[in-house]
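Notes to accompany the following structure.
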Amino acid sequence: QMMLSESGGGLVQPGGSLRLSCTASGRTFHSYNMGWFRQAPGKEREFVAGISGSGARIHYADSVKGRFTISRDNYKNTMNLQMNNLKVEDTAVYYCGWLRNYYSEMTASDFASWGQGTQVTVSS
């Protein structure tokens with residue numbers, strides 16, 4: 001079973017940037033569709049971004065489109081989420097996970113497993 005670990009969260013002011021990283025164990029990382037979802041206090045889990053195993057297909061939630069960029073390096077078993085122009089409403093725990101289904105209307109329920117999460121707080 002692939003193990004996932006997130007890092008890179010923290011406290012940032014509105015308009016700032018953060019880069020989240022996800023490290024995966026195992027030798028079959030390239031065969032997994034991957035992505036990020038987030039959960040804010042008292043709210044449902046929200047799909048953020050997804051990337052296919054080869055990296056050829058990428059999808060974003062409308063709420064982050066144009067501000068966040070997902071990428072992966074299958075040689076290093078890593079995936080990143082570059083977050084720019086952060087807003088207060090981006091505050092949440094961010095999780096990386098692998099997607100059991102990959103299609104254009106993915107939701108947080110499409111994730112099969114995920115890491116322990118990393119806190120992102122956007123506040124002035």
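We're numbering straight along the sequence, starting at 1. Side chains included, hydrogens not; waters and symmetry mates left out as well; all remaining heavy atoms used.
- Heavy atoms of other residues, nucleotides or ligands lying less than 6.0 angstrom from CD of E89 number more than 12.
- Ring geometry for Y95 versus F37: interplanar angle under 30°, hence parallel rather than tilted (30 to 60°).
- For the 3.5 Å distance criterion, the side chains of S123 and T121 fail to qualify, holding no donor opposite an acceptor.
- M2 and I51 fall within a single hydrophobic cluster, where Ile, Leu, Val, Met, Phe, Trp and Tyr are joined by side-chain heavy atoms under 4.5 Å apart, directly or via other members.
- The backbone N or O of G53 sits less than 3.5 Å from a side-chain atom of N74, completing a donor-acceptor pair.
- Of all heavy-atom pairs between D110 and E105, the closest is OD2-O, 4.4 Å.
- The pair K65-D62 meets the salt-bridge criterion, with a side-chain N (NZ, NE, NH1 or NH2) lying under 4.0 Å from an Asp/Glu carboxylate O.
- Side chain to side chain, S63 and E46 meet the donor-acceptor criterion of an N or O pair below 3.5 Å.
- Nearest heavy atom pair, residue S113 against residue L4, reads O-CD1, 4.0 Å.
- The backbone N or O of E6 sits nowhere less than 3.5 Å from a side-chain atom of T118 that would complete a donor-acceptor pair.
- Using a 4.5 Å cut-off between side-chain heavy atoms of Ile, Leu, Val, Met, Phe, Trp and Tyr, with links allowed through other members, W114 and Y94 fall into different hydrophobic clusters.
- Heavy-atom minimum distance, Y60 versus A49: CD2-CB, 3.6 Å.
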Quick one, K87 with V122, criterion side chain to side chain contact (heavy atoms under 4.5 Å, CB included). Give me CA distance, side-chain angles, the key distance, then yes/no. CA-CA 6 Å; K87 303 177 180 181; V122 185; 5.6 Å; no
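- The minimum heavy-atom distance between A92 and A40, with the atom names listed, is CB-N, 3.8 Å.
- Atom CD of Q116 has more than 12 neighbouring heavy atoms from other residues, nucleotides or ligands inside a 6.0 Å radius.
- Distance check: S21 OG to L81 CG gives 9.5 Å after rounding to the nearest 0.5 Å.
- When the side chains of ILVMFWY residues are joined at heavy-atom separations under 4.5 Å, either directly or via intervening members, M34 and I58 end up in a single hydrophobic cluster.
- No path of Ile, Leu, Val, Met, Phe, Trp and Tyr side chains, each step under 4.5 Å between heavy atoms, connects V120 with V93, placing them in separate hydrophobic clusters.
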Under the side chain to side chain contact (heavy atoms under 4.5 Å, CB included) rule, what do F29 and W98 come out as? Steps first, then yes or no, please. CA-CA 9 Å; F29 178 69; W98 68 271; over 6 Å; no
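- Note: the hydrophobic cluster containing Y32 does not contain F111 (ILVMFWY, side chain heavy atoms under 4.5 Å, direct or indirect links).
- With F68 as the fixed residue, the side-chain contact (heavy atoms from CB on, under 4.5 Å) test singles out one of L18, L20, L86, N84: L86.
- For the residue pair S52 and N33, no side-chain donor N or O sits within less than 3.5 Å of a side-chain acceptor on the partner.
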Quick one: do D90 and R38 satisfy side chain to side chain contact (heavy atoms under 4.5 Å, CB included)? Show the steps, please. CA-CA 9 Å; D90 293 318; R38 65 189 181 186; 2.9 Å; yes
